[in-house]
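I have placed the structure first, in the form of structure tokens, so that the comments after it can refer back to it.
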Amino acid sequence: MTTTKKKEPKKKTRTKAPAKAVKATKSTVVKKATAKKSVARKSASKVKAVTSSANRQTATLKKPASTRKTFVSKARTRTKRAAPKNAVMITSESVKAVVPVKAAPKAIVPAPKFEKALAEVKPEPVKMDAPEYEDHAFNPQVMEPGWQQKWEADKLYRSVIDERKPKHYALTMLPYPSGDLHIGHWFSMIPPDARARFKRMQGYNVMFPMGFDAFGLNAENAAIKDGIHPMKRTFQNIERMRRQMRSMGTMFDWEREAVSADPEYYKWTQWFFVQLFKHGLAYRKMAAVDWCPKDNTTLAREQVIGENRVCERCGTPVVKKNLEQWFFKATQYADELLNFDGIDWPERVKTLQTNWIGRSEGASVVFHTEKGDLIEIFTTRPDTLWGATFMVFSPEHPLVDAITSPEQKAAVDEYKLQAARQSDIEREATDKEKTGVFTGAFAINPVNEERIPIWIADYVLMSYGTGAIMAVPAHDERDFEFARKYGLKVIPVIQPVGVDGGPPVQELNGETMEAAHEHEGIMINSGLFNGTRATNDKGIKNPAIKAVIEWLEERGIGKRSVNYRYRDWLISRQRYWGAPIPMIYCNVHGWNPVPEDQLPVLLPEDVEWKPTGESPLKLHPTWKNTTCPICGEPATRETDTMDTFMCSSWYHLRYLSPHYDKGPFDETEYNYWMPVDTYTGGIEHATMHLLYTRFFHKALRDMGITEGNEPMMQLRNQGMVLAEDHSKMSKSRGNVVAPDDLVNKYGADTVRAYLMFFARWEMGAPWDAQGIEGTSRWMRRIWTLFTDPAQPRTGSAFDGRQLRRKVHQTLRKVTHDYESFEFNTIISSLMELMNEMYKAREAGAVGSPAWAEAQAIYLLMLAPVAPHIAEELWTNHLGKPYSIHQQSWPHVDEAAAKEDSIELPVQINGKVRDRITVPAESSEEEIKAAALASETVRKYLDGREPKKVIVAKGRLVSLVL
RNA sequence: GCCGGAGUGGCGGAAUAGGCAGACGCGCACGACUCAAAAUCGUGUUCCCUUUGGGAAUGAGGGUUCGAUUCCCUCCUUCGGCACCA
């Protein structure tokens with residue numbers, strides 16, 4: 001925010017370092033800019049090259065191998081690279097300026113060693129009932145686990161760098177290990193799994209990894225409920241979920257699995273925190289923050305949702321608390337986050353993020369009190385400045401006490417108290433009648449020198465803009481209501497225009513008008529601007545606003561300015577189950593990061609881990625005691641842990657090299673695989689994870705750690721699976737569908753196919769337990785079609801061309817649908833083709849080349865949907881080489897797909913009256929002639945000539961009589 | 001209030017460079033097989049009218065067009081987000 005002059009909290013030593021950091025960074029950059037020019041130019045061209053290739057959707061075959069040094073040394077030594085506008089320019093020198101390290105960091109007293117509880121984690125076996133299904137010919141319960149084991153033993157889905165192939169990084173949001181997988185997980189994983197398999201068959205080197213977002217409230221609350229230590233409970237759940245995911249026949253590459261609660265993972269989460277701190281992007285401040293009284297922790301603004309401002313996790317209304325917390329400077333990227341160029345993301349998500357960031361364009365204008373105190377305000381309507389007849393301060397505005405007159409002091413104090421007592425919801429309810437109190441002070445309107453009263457009112461929020469507004473009652477609804485209630489002056493300055501820009505129907509009169517006029521018009525009562533046309537456009541697109549801003553800037557009383565609703569990301573959590581924030585506080589040296597070679601700061605195991613409102617780590621007798629990395633004197637650790645969204649902001653990077661220990665990821669892997677080509681997951685993360693991860697990527701980019709402007713090139717969101725009664729599925733309602741039961745009953749292939757078929761994937765739908773029977777039937781019919789050597793039954797002769805046409809038309813359609821996430825029509829097309837093949841088989845197709853081709857192509861198209869049955873039929877029944885999942889996607893034979901005659905409907909006056917069959921290559925004239933020759937048409941024509949004949953080639957003939 | 005999705009048979013849905021509305025599946029009905037049931041197979045299934053046949057219909061109403069589920073306008077319902085944001 002450019003205009004907000006928020007008062008810094010009382011300067012304590014502890015807040016100094018980060019505040020300084022920003023300043024130091026900026027000034028250093030300016031100084032260093034020239035010296036670094038050549039370096040910057042050099043790396044700029046490189047960045048550009050890499051970015052453009054990375055941003056291409058279909059990756060090219062080869063990227064130059066990295067010639068850089070190891071990761072850590074890069075992060076330390078690399079100077080700034082050309083970064084886009086608005087980026088933080090940071091140099092290693094500026095980092096040094098931030099942290100006043102004189103000597104080499106002293107070894108600190110290490111945190112107690114975490115005895116890995118993993119060894120004792122004995123996973124509860126996943127219950128798999130004996131199959132009820134009694135069809136011996138087709139037995140998925142036996143066949144599926146068999147193939148799964150073979151594929152795994154053969155490492156079929158392992159993804160390794162292969163420069164000869166184009167890469168495809170398919171990423172699906174990772175689950176919280178809070179219990180069993182539910183059907184929603186399957187819905188989010190299976191269709192993307194099928195698509196990843198399809199991409200693989202198309203010749204891409206596909207990486208499709210999976211992991212667990214294992215820290216955080218979800219996993220911790222689940223552990224609390226069971227009364228089992230979160231470490232133990234979480235890893236037990238992970239083991240269960242891994243098995244369940246395997247039973248789905250997914251192609252996840254388990255060698256790339258990443259678990260955010262594993263020290264080898266969170267070491268780097270902490271390392272990132274340190275980098276952000278060193279670059280001035282992590283800071284600590286006292287603020288009125290959102291607190292969930294049930295989960296006993298603070299929350300980020302994004303994690304407080306809905307009208308009633310409830311906790312995103314547990315639905316409890318949050319309260320405000322004044323606390324000192326750690327923040328990430330996400331607002332620094334507000335403008336860049338509004339730019340979605342080059343990425344293929346759904347409009348819905350882009351809109352949600354845009355609204356969340358809430359950019360408003362306008363002006364900041366400087367007012368003064370009569371006595372000379374400076375008041376800065378933000379307005380989106382500088383063209384109405386002449387109509388500002390009073391000012392309103394938020395009750396918490398720091399100037400209030402100083403300007404209040406002795407006569408008004410009692411009333412003002414009373415009002416402030418009452419405002420403080422109210423909850424946010426009460427205060428900010430839009431339907432509440434406005435209240436306020438006069439301060440006794442006056443300001444001077446800088447555009448016309450008018451003396452205007454200053455009021456305080458709780459409809460002005462300290463958290464937006466500057467906490468003070470100019471009130472223009474004639475043109476703002478809220479100000480109007482306030483002015484009428486307290487008898488304040490109303491002066492219209494925008495005269496509405498009548499139709500065609502003529503005179504208004506009724507001229508505005510400040511005394512009598514009944515509502516604010518918030519729209520376009522002609523400026524009046526505005527000095528030299530009288531007669532200027534004000535449109536409904538926002539910002540400087542509005543000529544009146546543009547003219548006034550230019551004038552304000554000339555006179556030095558205001559300037560163009562932008563305001564955001566977006567807030568910095570609060571990441572402190574007063575909970576046990578998270579990555580400890582790797583910071584140390586010393587009475588002399590303030591806050592300093594734990595030296596990087598001493599990461600990770602491990603979570604202690606022996607704590608009372610249940611939440612109390614204070615961080616459990618604070619209550620540990622010794623954990624927090626350490627020594628200052630600068631002076632070696634006794635110091636204390638930060639005892640809060642990090643928001644789990646911090647862990648998930650970079651998990652796509654950890655998959656690149658989950659066991660790499662020289663950095664958060666192996667650069668060679670990064671250079672080959674990144675960026676993520678296709679990202680899939682729920683839309684509920686639109687303003688949380690999906691915004692955090694973009695911010696995170698941009699921050700890392702500016703620190704020289706990542707490349708390109710965006711981490712994920714294409715995003716697709718699945719809808720939600722609702723319960724059969726259209727309500728949300730939840731354990732408490734008892735309406736959840738357990739996928740394990742479905743797999744036991746029908747087999748994974750059937751469940752997979754049904755999940756792709758029963759709804760539009762991007763929409764979701766209520767679950768229909770009956771519907772799966774149809775998909776199960778389809779599987780069995782496929783089995784029969786391939787395994788039962790049926791005798792020809794009908795007399796009609798088999799036409800190989802017709803079968804081939806259907807096969808290749810289906811292939812074309814299915815290929816398109818995999819590409820564009822239209823999974824439900826893949827299944828219906830395959831069902832249709834199967835029905836066609838049944839007919840062909842009855843006509844005696846078996847044994848013909850067309851039949852053999854149809855069988856092969858059918859299984860190849862089916863393989864991504866139903867990997868087990870496709871493999872079984874391919875390998876064991878058709879005797880083709882193992883594995884079907886290593887075959888290439890078939891090519892459409894366009895000649896075979898072509899129709900040789902087509903049936904066209906004939907419309908007469910817009911109604912279909914007949915159909916004619918013509919050769920596919922017929923000319924318009926021929927089609928027209930054929931239509932006019934039809935008996936039905938002649939009957940309707942009754943000897944007359946049609947007024948008009950329209951031939952839509954390949955579609956229809958339309959006659960107008 | 002603002003922003004953004006979505007409204008098609010009993011149900012999930014299909015069809016949009018404007019061109020046969022209801023593909024595919026569920027459900028339902030009838031039939032075959034069976035002592036019977038299940039499974040399987042076959043036929044039918046938007047609604048209305050007195051049949052041959054005709055009419056109406058894609059949330060409602062209007063418009064553009066030979067032709068609109070698709071494009072435009074005005075509404076309605078519903079889901080999601082934001083909300084005294086100056």
Side-chain angles (χ1 to χ4, degrees), chain A residues 134-135 305-307 346-356 358-360 362 377-381 384 388 392 394 427-434 457-461 463-472 476-479 481-482 563-566 683-684 686-687 717 719-720 724 726 753-754 757-760 762-775 777-778 780-781 784 793 822 824-835 838 903-915 946-961:
Chain A
E134 286 197 4
D135 184 345
I305 56 168
E307 215 173 336
E347 281 305 319
R348 254 196 316 169
V349 175
K350 292 196 268 188
T351 308
L352 285 171
Q353 294 199 348
T354 303
N355 289 348
W356 182 257
R359 182 182 201 272
S360 310
I377 59 103
F378 172 77
T379 175
T380 54
R381 293 295 305 275
T384 63
V392 188
S394 160
R427 240 184 98 159
E428 294 174 20
T430 35
D431 50 0
K432 202 186 81 171
E433 198 185 315
K434 298 199 175 4
D458 62 8
Y459 80 90
V460 175
L461 309 173
S463 56
Y464 185 79
T466 60
I469 62 161
M470 68 168 190
V472 185
D476 182 283
E477 199 104 12
R478 297 153 300 176
D479 299 345
E481 189 193 329
F482 195 80
N563 237 314
Y564 300 94
R565 231 174 48 83
Y566 196 38
I683 197 163
E684 67 274 14
T687 56
N717 305 110
M720 217 193 302
E724 297 206 42
H726 292 64
Y754 187 56
F757 181 59
F758 90 104
R760 273 159 76 180
E762 302 201 353
M763 288 292 150
W767 184 254
D768 177 3
Q770 195 86 50
I772 195 169
E773 296 287 349
T775 318
R777 212 165 285 147
W778 176 48
R780 293 198 295 267
R781 272 166 58 81
T784 307
R793 282 206 303 216
E822 291 166 41
N824 54 342
T825 46
I826 293 174
I827 309 299
S828 56
S829 300
L830 289 176
M831 285 173 168
E832 251 181 88
L833 177 56
M834 181 192 68
N835 291 339
Y838 261 98
E903 194 191 65
L904 296 179
V906 180
Q907 285 186 350
I908 295 170
N909 287 341
K911 295 215 184 302
V912 179
R913 298 297 183 184
D914 197 15
R915 282 156 217 283
K947 238 190 242 166
K948 208 170 176 185
V949 180
I950 295 138
V951 178
K953 245 189 140 187
R955 302 206 187 255
L956 57 39
V957 183
S958 182
L959 306 177
V960 187
L961 299 191

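Each chain gets a letter, A, B and so on, in the order its sequence line appears, and its residues count up from 1.
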Could you measure between the two [atom1] atoms, the one in [N] and the one in [M], and give it in whole Å?
{"N": "G22(B)", "M": "A37(B)", "atom1": "C1'", "answer": "34 Å"}
{"N": "U69(B)", "M": "G61(B)", "atom1": "P", "answer": "13 Å"}
{"N": "U34(B)", "M": "C47(B)", "atom1": "C1'", "answer": "37 Å"}
{"N": "U70(B)", "M": "U16(B)", "atom1": "C1'", "answer": "4 Å"}
{"N": "U45(B)", "M": "C11(B)", "atom1": "C1'", "answer": "14 Å"}
{"N": "G13(B)", "M": "G62(B)", "atom1": "C1'", "answer": "29 Å"}
{"N": "U43(B)", "M": "A6(B)", "atom1": "C1'", "answer": "36 Å"}
{"N": "U77(B)", "M": "C84(B)", "atom1": "C1'", "answer": "28 Å"}

Does OP1 or OP2 of [N] have a side-chain N or O of [X] closer than 4.0 Å?
{"X": "R955(A)", "N": "C20(B)", "result": "no"}
{"X": "R565(A)", "N": "A86(B)", "result": "no"}
{"X": "S360(A)", "N": "A86(B)", "result": "yes"}
{"X": "Q770(A)", "N": "G27(B)", "result": "yes"}

Counting the atoms with a prime plus P, OP1 and OP2 as sugar-phosphate, which does [X] contact under 4.0 Å by heavy atoms, base, sugar-phosphate, or nothing?
{"X": "R348(A)", "value": "sugar-phosphate"}
{"X": "D479(A)", "value": "nothing"}
{"X": "G362(A)", "value": "nothing"}
{"X": "V460(A)", "value": "base"}
{"X": "W778(A)", "value": "nothing"}
{"X": "S958(A)", "value": "base"}
{"X": "Q907(A)", "value": "base"}

Item to check | Salt-bridge criterion met for E347(A) and K350(A) (N-O under 4.0 Å) | outcome: yes
Checklist outcome for this item: The dot-bracket string of RNA chain B, counting Watson-Crick and G-U wobble pairs with both distances under 3.5 Å, using [ ] for crossing pairs and | for pairs to another strand, is (((((((..(((......[....)))((((((.......))))))((((...))))..(((((..]....))))))))))))....
Can you check the [X] [atom1] to [N] [atom2] distance for me, whole Å?
{"X": "E773(A)", "N": "G27(B)", "atom1": "CD", "atom2": "P", "result": "7 Å"}
{"X": "R359(A)", "N": "A86(B)", "atom1": "CZ", "atom2": "P", "result": "13 Å"}
{"X": "D458(A)", "N": "A86(B)", "atom1": "CG", "atom2": "P", "result": "18 Å"}
{"X": "R913(A)", "N": "G19(B)", "atom1": "CZ", "atom2": "P", "result": "21 Å"}
{"X": "I827(A)", "N": "C26(B)", "atom1": "CD1", "atom2": "P", "result": "14 Å"}
{"X": "L352(A)", "N": "C3(B)", "atom1": "CG", "atom2": "P", "result": "14 Å"}
{"X": "L830(A)", "N": "G25(B)", "atom1": "CG", "atom2": "C1'", "result": "13 Å"}
{"X": "I305(A)", "N": "G81(B)", "atom1": "CD1", "atom2": "P", "result": "7 Å"}

Below 4.5 Å, heavy atoms only, C-beta onward: do [X] and [Y] meet side chain to side chain?
{"X": "N909(A)", "Y": "V960(A)", "result": "yes"}
{"X": "F758(A)", "Y": "D768(A)", "result": "no"}
{"X": "M470(A)", "Y": "T384(A)", "result": "yes"}

Checklist entry - More than 12 non-hydrogen atoms from neighbouring residues, nucleotides or ligands closer than 6.0 Å to CE on M720(A), yes or no? => result no
Checklist entry - For the residue pair W778(A) and Y754(A), is the inter-centroid distance of their aromatic rings smaller than 6.0 Å? => result no
Item to check | Polar side-chain atom of R565(A) near backbone of W356(A) as donor-acceptor pair, under 3.5 Å | outcome: yes
Next on the checklist: Main chain of P766(A), side chain of E724(A): is a donor-acceptor contact present, judged purely on distance under 3.5 Å?
Outcome noted: no
N/O to N/O distances under 3.5 Å, protein versus nucleotides 11-14 of chain B:
| residue | atom | partner | partner atom | Å |
| --- | --- | --- | --- | --- |
| G12(B) | O2' | F758(A) | O | 2.1 |
| G13(B) | OP1 | G764(A) | O | 3.4 |
| G13(B) | O3' | N824(A) | ND2 | 3.1 |
| A14(B) | OP1 | N824(A) | ND2 | 3.0 |

Checklist outcome for this item: Closest non-hydrogen atoms of V912(A) and R915(A), given as atom of the first, atom of the second and distance, are CG1-NH2, 4.3 Å
Next on the checklist: Among residues at least two apart in sequence or on other chains, which ones pass ring pair (Phe, Tyr, Trp, His ring centres under 6.0 Å) with F757(A)?
Outcome noted: none
Checklist entry - Can you name the salt bridge (Lys or Arg N to Asp or Glu O under 4.0 Å) partners of D479(A), sequence neighbours left out? => result none
Next on the checklist: Please enumerate all residues that pass salt bridge (Lys or Arg N to Asp or Glu O under 4.0 Å) together with R781(A), with sequence neighbours excluded.
Outcome noted: none
Checklist outcome for this item: Value for CD1 (I683(A)) from CZ (R348(A)), rounded to nearest 0.5 Å, stands at 3.5 Å
Check: protein-nucleotides 28-31 of chain B nitrogen or oxygen pairs below 3.5 Å:
none

Item to check | Glycosidic class, syn or anti, of G27(B) using a 90° window around 0 | outcome: anti
Checklist entry - If you take atom types as modelled and just measure distance, does the side chain of E347(A) reach the base of G4(B) with a donor-acceptor pair under 3.5 Å? => result no
